[in-house]
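To keep things clear, I will list the structure first and then write my remarks on it.
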Amino acid sequence: MRNLQYYFGNPFVDPNISFAEQQAFTTDHLERLIAHNGSGDWTTQIANTTAKLSALDDSLADAQTQKAIRKAAKMAKDNFRDQLPGEVRKVTALVVAEYGDPSTQLASCLPEGLSIFSSCRDDEVDEHLQTLIDGVTALSGTIGTTPATQAGALLSNWNTIYAASEQSTADRALSEEERRAARRELSEVLFQTLLDIVKAHPNDSGALGNYMQPHLLGGPPLSPPDNGGGGGGGDGGGGGDSSSSSSGLDSSSSSSSSSFVGPSSSSSSSSSFPSSSSSSSSIMPPPSSSSSSSSPV
């Protein structure tokens, strides 16, 4: 028999499934659920899936918005840093005019020189600007208050720009977490619906195509029902051999299920061995004595 542990795995949490694939699959899946909901059997699943898909769509739209905000904030910060040395030079122009360059007074305003405003880290800019403010303020008796006002405006503008840049980075982490959470919740709903489909159509793997198309997630297309195994819906009584009947699963069910729920090795094994021993070989190899008796190799 098959390894029952395979059925506990959620196939929709595969990291190889992209957001676009999950959106396309779920949109198609919803349309199929609605089309087969004449009796109202799938109303709950439709409501749950619609809500989770909407949450995922919102999180992806928010991610695009946050990306644009981050780009604008980074551009504003980079532009400010590029222009800052020139702006500082304007602030100290009166100091140079009054005391010369080099001078003790200029060194009190720029103890590490003008180049520090290009080379320091972002989180150090405010410290160097504050030193500049203190220096020109102390010289206001001879150079006036304009340099201090200019330096104060530089610091105020930098604090605003830097805070916006830092906030956009924090928002990015939050946006990504919200997106991952929305995807996890949608995957859980899809898995629960898959289990409900199996429950509604026992031993009828061909019914899956009425509700889901795994190829939209990058998986293999659904296998067609095998007419030799009872038409894809019986318990082995539709012309299948005795071993197929005793397993309670027709061959089409084995093929279709392994192509979607089971691992890829199971799918290839089932297609290579259509006899009754294929069900067991798709999970584990037969004993060596049985293998030697059934095959010359």
Side-chain angles (χ1 to χ4, degrees), residues 15-23 55-185:
N16 293 320
I17 298 175
S18 68
F19 284 102
E21 287 174 332
Q22 191 167 36
Q23 285 178 300
L56 179 63
D57 290 342
D58 290 345
S59 71
L60 292 175
D62 183 62
Q64 291 299 318
T65 301
Q66 292 298 331
K67 182 178 180 180
I69 293 174
R70 287 194 305 274
K71 184 176 181 179
K74 184 178 186 304
M75 184 179 298
K77 184 191 72 172
D78 291 345
N79 287 342
F80 186 94
R81 290 296 307 266
D82 290 342
Q83 298 171 9
L84 184 57
E87 295 300 317
V88 172
R89 188 186 299 275
K90 293 177 183 178
V91 172
T92 58
L94 287 178
V95 179
V96 173
E98 182 70 25
Y99 299 102
D101 181 12
S103 65
T104 303
Q105 291 79 2
L106 181 61
S108 68
C109 300
L110 302 175
E112 297 185 62
L114 191 63
S115 63
I116 192 64
F117 291 97
S118 297
S119 61
C120 70
R121 300 194 311 267
D122 288 341
D123 59 357
E124 295 175 336
V125 171
D126 60 338
E127 298 175 5
H128 296 294
L129 285 175
Q130 187 59 55
T131 299
L132 173 63
I133 293 172
D134 294 342
V136 295
T137 299
L139 300 173
S140 61
T142 54
I143 63 174
T145 60
T146 298
T149 301
Q150 292 173 327
L154 285 177
L155 178 58
S156 177
N157 290 340
W158 168 250
N159 286 337
T160 300
I161 291 172
Y162 184 54
S165 177
E166 291 295 288
Q167 185 60 49
S168 69
T169 301
D171 289 343
R172 175 184 181 181
L174 179 60
S175 177
E176 289 178 350
E177 177 55 34
E178 290 175 345
R179 190 170 67 235
R180 288 193 294 267
R183 183 172 184 172
R184 285 194 302 269
E185 292 177 7

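Residue numbers count from 1 along this sequence.
- Residues C109 and L139 have side chains in contact (heavy-atom distance under 4.5 Å, counting atoms from C-beta outward).
- Between A151 and V136, the closest heavy-atom pair is CB-CG2, 4.5 Å.
- The closest side-chain heavy-atom distance from L132 to L155 is not below 4.5 Å.
- Counting only heavy atoms from C-beta outward, the side chains of N16 and E21 never approach each other to under 4.5 Å.
- In plain terms, the two heavy atoms of L154 and F80 that are nearest each other are O-CZ, 3.5 Å.
- Side chains of Q23 and L60 form a contact here, defined as non-hydrogen atoms less than 4.5 Å apart.
- Of the possible polar contacts, none joining the T92 side chain to the V95 backbone as a donor-acceptor pair under 3.5 Å is found.
- Pairing each heavy atom of S165 with each of K77, the nearest pair is OG-CD, 3.8 Å.
- At least one side-chain heavy atom of M75 sits under 4.5 Å from a side-chain heavy atom of N79.
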Show your reasoning for whether side-chain contact (heavy atoms from CB on, under 4.5 Å) applies to T104 and Y99. CA-CA 8 Å; T104 303; Y99 299 102; over 6 Å; no

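- More than 12 heavy atoms of other residues, nucleotides or ligands sit less than 6.0 Å from atom CZ of R180.
- By the ring pair (Phe, Tyr, Trp, His ring centres under 6.0 Å) test, Y162 is found to be paired with W158, residues two or more places apart in sequence or in another chain being considered.
- Under the 3.5 Å distance criterion, the side-chain polar atoms of D62 are left unmatched by any main-chain donor or acceptor of D58.
- For the pair R70 (side chain) and Q167 (backbone), a donor-acceptor distance under 3.5 Å is absent.
- Ion pair E176/K67 not flagged as a salt bridge, since none of the NZ, NE, NH1 or NH2 atoms sits closer than 4.0 Å to an Asp/Glu carboxylate oxygen.
- Heavy-atom minimum distance, A73 versus A164: CB-O, 4.1 Å.
- Screening residues 110-121 for salt bridge (Lys or Arg N to Asp or Glu O under 4.0 Å) gives R121-D123, R121-E124 as the qualifying pairs, with residues at least two apart or on separate chains.
- Side chains of D134 and Q130: a donor-acceptor N/O pair is present below 3.5 angstrom, by distance only.
- The structure places CD1 of I161 at 10.5 Å from CG of D78, a figure rounded to the nearest 0.5 Å.
- For S156 (side chain) and G152 (main-chain N/O), no donor-acceptor pair under 3.5 Å exists by modelled atom type.
- In terms of heavy atoms, S140 sits closest to T145 at CB-CG2, 4.4 Å.
- Scanning both residues, I143 and L94, for their nearest heavy atoms gives O-CD1, 3.5 Å.
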